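Reading through the structure tokens given below for one structure.
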Number of protein chains: 2
Amino acid sequence: MITRNPSLTEQVMANIKERIADDGFEDGRIPPETELANDLGVSRTTIRDALSRLEHEGRIYRRQGAGTFVNEQGLQIRSRLEEIWSYEQVLEDHGYTPSVRVLAETTVTPDPETVKALLLDDDDTVLMLEKLFLEDEEPVILTINLIPSKIFTDTDDTEAEMPPVYEFLERHANRTLSYYLSEIIPVALDKKLAAKLGVAPGTLAISFDEIGFDQNNEPVVRATSYFRDDLLRFRLMRRRAGA
Amino acid sequence: MITRNPSLTEQVMANIKERIADDGFEDGRIPPETELANDLGVSRTTIRDALSRLEHEGRIYRRQGAGTFVNEQGLQIRSRLEEIWSYEQVLEDHGYTPSVRVLAETTVTPDPETVKALLLDDDDTVLMLEKLFLEDEEPVILTINLIPSKIFTDTDDTEAEMPPVYEFLERHANRTLSYYLSEIIPVALDKKLAAKLGVAPGTLAISFDEIGFDQNNEPVVRATSYFRDDLLRFRLMRRRAGA
DNA sequence: AAGTGGTCTAGACCACTAT
DNA sequence: TAGTGGTCTAGACCACTTC
């Protein structure tokens, strides 16, 4: 039941992205907003919507009075940390062709911290989903997801392919993942984790501890993830707040 | 030469933020957009602008057809990683009253990586600015800034107080810092760094390696920063791209 | 002075939620 | 079915850059 004819704004974004990729703008200069509006047959407001979002994505920059330009610097970023939505996608952005291996899929009793984070009752259980993302048999990312058992709408959850968590939640719990609150933690991998990620114990890594919220702002998943620092570096764009 | 009468959108944002802080919305429900527009005497477009930005900041969330609500979860975040602009502010957000100590302020020959990052010529030098941010004599953040000597417009750069880098650049180089491209790296602090941060050698920390760009999208500063993981944790909000 | 992006308005219509 | 947020339009005026 996907209802999704792309909005005009999204079509404009796609159009401009293409022209950027094809190097279709002379000197990296993007035409004036009024010209784009005329050419594409939409209002200037719609054009500005699209440009604002492209600017926020780091693909262009604008200077009042001067013009709008392609941001060559921003194009360097492959995965913008704050816009990651699936690790498969992250690996693809890095030029990999990822595979996923499910290491565990069992129902367990949650630890106190998870109980608190997911607003569980004392006798609630959670589904633990441990997944390893690999590139050509080389482990890159390890994630452990904890999802309250009680939110599942079907009991038959055996799937041949394991989809990304947000898709899993839509299919089996009828929840739409809206955003994650994430904490970034530096760790030295212990024996077990190091073995799973195929590195020496004590290797440094970035770890995420995060909680995912659904469309009603209710916590639906707690995730812990570990990343091979030698294979995957996160980048982000820091801006002035409110800009 | 600050020209800054707050826009209507910003005034609306401030107004709603206040009412959120004062718990002035019953059941966390924010009035309909048309009502806000009437009450505040601005167009609905302006209201929507303000609400969009508040939503992006994680302070509210919206559900089509249902309404707009205060996001209690988002209020928990003290410093949103992607919106950090000065470390003084970060520490203040954490309830600290920070002080800054300048450890070094000298002109040096840059390493090859910095030359490349800042698009320097072979004989260019950079100003190295090493600063320590403390809370009550306890070191929390160490930053090393490298700024091309050639961009300074004045030679007299002795100041009693050391301002944040973006202010320093505005004053002495007439450049407006627009954004940083940052890379997040896990590190074990070596002897020297550990000593400066007042922890044991080998202590784990998050490190940023970043390049700051000005209003013309030219690189103007390279910064390396280290954070006491036991005193300061970075959080961020991850969303679906384009949302 | 001309041209660009930045802000704001007033209004139309659509998609979705609640009841 | 009424009410909410989501998208889009056409146009006005302002702030800034460029020449």
Side-chain angles (χ1 to χ4, degrees), chain A residues 1-16 25-56 60-71 174-176 178 214-217 240 242-243, chain B residues 1-14 16 25 27-56 60-71 174-176 178 214-217 240 242-243:
Chain A
M1 66 158 217
I2 296 171
T3 62
R4 188 83 212 203
N5 85 324
S7 67
L8 285 182
T9 300
E10 281 166 337
Q11 291 179 54
V12 171
M13 285 177 72
N15 179 297
I16 295 173
F25 294 118
E26 222 152 303
D27 297 324
R29 187 184 187 86
I30 291 170
E33 297 175 347
T34 47
E35 193 180 320
L36 286 174
N38 280 331
D39 289 358
L40 299 178
V42 298
S43 74
R44 189 181 157 216
T45 309
T46 301
I47 294 291
R48 280 186 60 74
D49 248 21
L51 291 179
S52 293
R53 287 166 62 172
L54 289 173
E55 183 180 31
H56 204 83
I60 65 172
Y61 65 99
R62 305 199 268 186
R63 286 173 46 210
Q64 184 173 12
T68 303
F69 309 87
V70 176
N71 185 351
N174 201 26
R175 309 278 188 132
T176 304
S178 168
D214 71 4
Q215 73 274 23
N216 291 323
N217 212 39
R240 225 178 205 110
Chain B
M1 69 161 218
I2 296 172
T3 62
R4 198 65 224 200
N5 84 327
S7 66
L8 285 183
T9 301
E10 280 164 339
Q11 291 179 53
V12 171
M13 285 177 71
I16 295 174
F25 295 118
D27 296 324
R29 187 185 187 86
I30 291 169
E33 298 176 346
T34 47
E35 192 180 320
L36 286 174
N38 280 331
D39 289 357
L40 299 177
V42 298
S43 73
R44 187 180 158 217
T45 310
T46 300
I47 294 291
R48 280 186 61 73
D49 248 20
L51 291 179
S52 293
R53 287 166 62 173
L54 289 173
E55 183 179 31
H56 204 84
I60 64 173
Y61 64 98
R62 305 199 268 186
R63 287 172 46 210
Q64 184 174 12
T68 303
F69 309 86
V70 176
N71 185 352
N174 200 28
R175 308 278 187 134
T176 303
S178 168
D214 72 3
Q215 72 273 23
N216 292 322
N217 212 39
R240 224 177 205 110

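Note that the structure is a prediction, hence the values are computed from the model and not measured. We use all heavy atoms of the structure for the numbers below, so side chains are in, but hydrogens, waters and symmetry mates are not. Here is the naming used below: chain letters follow the sequence lines, and residue numbers restart at 1 for every chain.
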Let me see the working for B:Q64 and A:Q215 under side chain to side chain contact (heavy atoms under 4.5 Å, CB included), right down to the final yes or no.
CA-CA 10 Å; B:Q64 184 174 12; A:Q215 73 274 23; over 6 Å; no

Could you state the CZ-C1' distance from B:F69 to D:dG3, rounded to the nearest angstrom?
12 Å

Between the side chains of A:E55 and A:R48, is the shortest nitrogen-to-carboxylate-oxygen separation below 4.0 Å, so that they form an ion pair?
no

Sidechain-backbone polar pair: A:Q11 side chain, A:P6 backbone, donor-acceptor under 3.5 Å:
yes

For atom CG of A:D214 and atom P of C:dT17, their distance in whole Å:
13 Å

Side chain to side chain contact (heavy atoms under 4.5 Å, CB included) partners of B:T34, counting only residues at least two apart:
B:P32, B:R44

Separation of A:L54 atom CG from C:dG5 atom P, in whole Å?
14 Å

At under 4.0 Å between heavy atoms, what does B:T68 touch on the DNA or RNA strands: base, sugar-phosphate, or nothing?
sugar-phosphate

Which letters describe nucleotides 6-11 of chain C, given B = protein heavy atom under 4.0 Å from base, S = only from sugar-phosphate, - = neither?
BBSBB-

Does a donor on one side chain sit under 3.5 Å from an acceptor on the other, for A:N216 and B:R63?
yes

Quick one: are B:L36 and B:I30 in side-chain contact, heavy atoms under 4.5 Å?
yes

